[in-house]
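Heavy atoms only: backbone and side chains are in, while hydrogens, waters and symmetry mates are out. Chain letters run A, B, ... following the sequence lines, proteins first and then strands; every chain starts at 1.
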Protein chains: 2
Amino acid sequence: MADTQPRNTGAYLVYSELKRRILSLELKPGERIYEPAMAAALQVSRTPLREAIRRLISESLLEQQATGGVVVPPLDEQVISELYDVRAALESLMAREACARATPADIEELHGILERNAAMVGFAEEAMKYGVTLHAAIARIAGNSWARRFHDQISSQVERYRHFTNNSPDRREEALADHRVLVEAIASKEPDKAAKIAFDHVIAARDETLRAIAGQGLVAE
Amino acid sequence: MADTQPRNTGAYLVYSELKRRILSLELKPGERIYEPAMAAALQVSRTPLREAIRRLISESLLEQQATGGVVVPPLDEQVISELYDVRAALESLMAREACARATPADIEELHGILERNAAMVGFAEEAMKYGVTLHAAIARIAGNSWARRFHDQISSQVERYRHFTNNSPDRREEALADHRVLVEAIASKEPDKAAKIAFDHVIAARDETLRAIAGQGLVAE
DNA sequence: AAATGTGTACTTGTATACATCTATACATTG
DNA sequence: CAATGTATAGATGTATACAAGTACACATTT
């Protein structure tokens, strides 16, 4: 995620594979990683495996214990709330900056995504996909690489919690409405308004997610 | 920076030393790092050195080239502007959250820091130190570990540019005034106001820094 | 029986050896 | 002479061997 140009090295493949397993919860929260066993399972030596592990640690997708072991970080309601708050701040900033930089072509693109988003509001997976696409487009337009980078890290973290959330049709309609007014604010170059809409939009998503999790409970550690 | 508990390993020492050299510009922007030479200079093998390098890469304190080499990232006016913008978003969020969580004792602490800040407004180094202390206290009170973490990373990045900035007495007075109203907003639990003050405060610092750099120019790459 | 010591199995951390890849200089060719 | 091919020195990437540290079980002692 930090590399702009992912190189074709073994360590990178191991990193990708481990990341995939962590985000899919195939590697369970709380589970410990033993280097010799994992290296054997992935058919590489400990050297590239360690490199991948260290990188995942610095992205907080793995956790180094004080004693020396490495574990998959447990899930935590407090943390998911923090993640959404930071995401709100970042998307708010990007919406603000998109106002200053959006070209007519950019705004046309946003409207296009919005239409497809609207068409797919009946389908959970597709609607979600276009929501992500919209945010990605705004991030690109905003052109702040550090904001994007942090946003990507947050998204990875949140991914682990997505398995516990069920976005309702009502919520999707709400989100679509938010997206409409957000794009409108960007199109009419109202940075303060765009920033506030983006912020509140993410906070709403946070509260929805917290409700869903509170109902279900997180996995035992 | 990602490790909560820095362990006493050789790789960590190398990481710290390299980070210090990068932030102090002892390692010059654009300079390439050769593993064998650096390992010999630091009297360790390439293994812990590589671990340190990889970690610095994922913090963007080093840069992996597509071809395979590693260099100290060049300084860039565009980037410093982005960094301040993200910092503004994060400090704004933390100010907002501090409103919700600050206890009377916390507010007393903030006032104490403010007083010492005021007393030192005549001295560049000391005033800066209390400014940092104030922000750190707010970050602690806000209690959002991800916001803090990203904020720390941003601060490290900005550190490399600080060598080119000269904060004037006027600017210090302005900053102190901003800090006063910020603490006041937190004390009276006005999240929107606190968030806006923090945001604008950092944006002002950004513009001041950009002016200073524009006057001086960044090092050649 | 509880607490403490101790040994052993096993894990992590580091060094070194080896393989692969990159860049530069030089030769060759059009 | 420009452009391309090639050889070679040196870098990065990976595997393996070794050292140091940790945890768990079991024995010993009070």
If only side-chain N and O atoms of A:R46 are considered, is one of them under 4.0 Å from the OP1 or OP2 phosphate oxygen of D:dT16? no

**Message:** On the nucleotide C:dG13, are OP1 or OP2 found under 4.0 Å from the side-chain N or O atoms that B:T47 carries?
**Reply:** no

Notebook entry, point to check: When all nucleic acid strands are considered with a 4.0 Å heavy-atom cut-off, which category describes B:T9: base, sugar-phosphate, or nothing?
Noted result: sugar-phosphate

Rounded to whole Å, CG of A:N8 lies from C1' of C:dT20 at a distance of 14 Å

DNA chain C nearest-nucleotide lookup for B:V44 and B:R32: closer to the 5′ end is B:V44

Closest non-hydrogen atoms of A:E35 and A:I53, given as atom of the first, atom of the second and distance, are CG-CD1, 4.2 Å

When we call it a touch if two heavy atoms are under 4.0 Å apart, what does A:I53 touch: a base, just sugar-phosphate, or nothing? nothing

All heavy atoms of B:P29 vs all of B:L75, minimum pair found to be CG-CG, 3.7 Å

Of B:E35 and A:S45, the one whose nearest nucleotide on DNA chain D sits closer to the 5' end is B:E35

SB check A:E17 A:R21 (cutoff 4.0 Å) | yes

May I ask you to evaluate whether B:T67 reaches the phosphate of C:dC21, defined as a side-chain N or O under 4.0 Å from OP1 or OP2? no

On a heavy-atom basis, the closest approach of B:L182 and B:A95 is CD1-CB, 4.0 Å

Testing C:dA15, D:dA11, D:dT14 for proximity to the side chain of B:P48, the answer is C:dA15

Taking D:dT12, C:dG13, D:dT14 as options, the one with an atom nearest any side-chain atom of B:P36 is D:dT12

When you measure from the side-chain N and O atoms of B:R54 to the phosphate of D:dG13, is any distance below 4.0 Å, counting only OP1 and OP2? yes

